[in-house]
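Read the structure below first, then the notes.
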Amino acid sequence: MAYLRGEPHEYIVHYVGGRIKRQGQGLAFWYIPFNSSISIIPLNVSDVPFAFQDVTADFQTVTYQGQASFRIVDTEAALARLNLAVRPRTKVPLGQDLDLLRQRVANAVNSSASMEIQSRELKDCLRNFEIISQAVLARIRSDVAIQSYGIEIVSLVITSIRPTPEVSKALEAEFREGLLRRADEAIYARRTAAIQEERKIKETELETDLSLETRRRELIALSSENQILEAEARGQALVAEGKYKLEQLQAETAIWQSLDPAVLAAQGMRELGEKGADHVTITTEVLSAMLNQSNVR
């Protein structure tokens, strides 16, 4: 007698005499080795990495790589199509059908991805490999040949699509030139904007200077007008002042003309004395003339 203990992710089928005696997930049981055959179906998810080359619609060679994941969901279909018998003691598969199944999944990925890549140009493939991944996943899930093995494609991801090194350098050069061109355009736009701003500043300065000169001209005209008015007023004041002085002088002269010369002489002497004149010389001729003038009157 021998004992077999299955794992939770293993679906075990125990054959005795070519007939199924027991089956189930994670079984543990005693069996007689000489008349027993045991098959183990792994129920966990298996990963299939892949890397293939293909040609795009514009005849450019690309290399794409990624990973597909699948699991067995229909044990009867898997047992019908695959030899999953194992050595009970070691659980080592007697055949290579699981490896062949992974290869068939990789081939299906290659076939579906080839249809997508060959229908697109290089730039489209490089930019939209995520969309290509979704399209390839949908194609494989609807593949009848894959479904016949009782498996489900859990996920498929194309991680990269790369052109040949020569094409890659050419694309990098084109992209680099585009970046430099956009950088130059940005510099030119910035310079143009700076020139426009400078022109606006100069126009504002000119408008300010023009406004100042206009106000200055108005101020000069107003100042000149005020000076003219001031001169006219001052002239009129001088004329009036001269007129008043003349009338005053005439009045004073009329008063002095009516006085006796001797009185005028005496008044003059008095004023000289009041003003502090120390010496006054009056000749006889002057005195005689004054007296004679008085007698004549």
Item to check | Nearest heavy-atom neighbours spanning L27 and I12 | outcome: O-CD1, 3.6 Å
Checklist entry - Quick one: ring-ring contact (aromatic ring centres under 6.0 Å, His included) partners of Y244, sequence neighbours excluded? => result none
Checklist entry - Above 12 or not: heavy atoms from other molecules or residues under 6.0 Å from NZ of K91? => result yes
Item to check | Hphob cluster co-occupancy, V167 + L126, side-chain heavy atoms under 4.5 angstrom | outcome: yes
Next on the checklist: Donor-acceptor check, side chain of S211 to backbone of E207, threshold 3.5 angstrom: yes or no?
Outcome noted: no
Item to check | Nearest heavy-atom neighbours spanning L43 and I72 | outcome: CD2-O, 3.8 Å
Checklist entry - Is the count of non-hydrogen atoms from other residues, nucleotides or ligands lying under 6.0 Å from Q96 atom CD greater than 12? => result no
Checklist entry - Any idea which heavy atoms bring N110 and Y64 closest together, and the distance? => result OD1-OH, 2.9 Å
Checklist entry - Between atom CD1 of I201 and atom CD of E198, what is the distance when rounded to the nearest 0.5 Å? => result 7.0 Å
Checklist entry - Got a sec: does the CZ of R141 have more than 12 other heavy atoms crowding it under 6.0 Å? => result yes
Next on the checklist: Counting C-beta onward and ignoring hydrogens, is there a side-chain heavy-atom pair between H14 and Q23 closer than 4.5 Å?
Outcome noted: no
Checklist entry - Donor-acceptor pair, N83 side chain versus A85 backbone, under 3.5 Å? => result yes
Checklist entry - Hey, what do you get for CD (Q118) to CD (E116), rounding to the nearest 0.5 Å? => result 10.5 Å
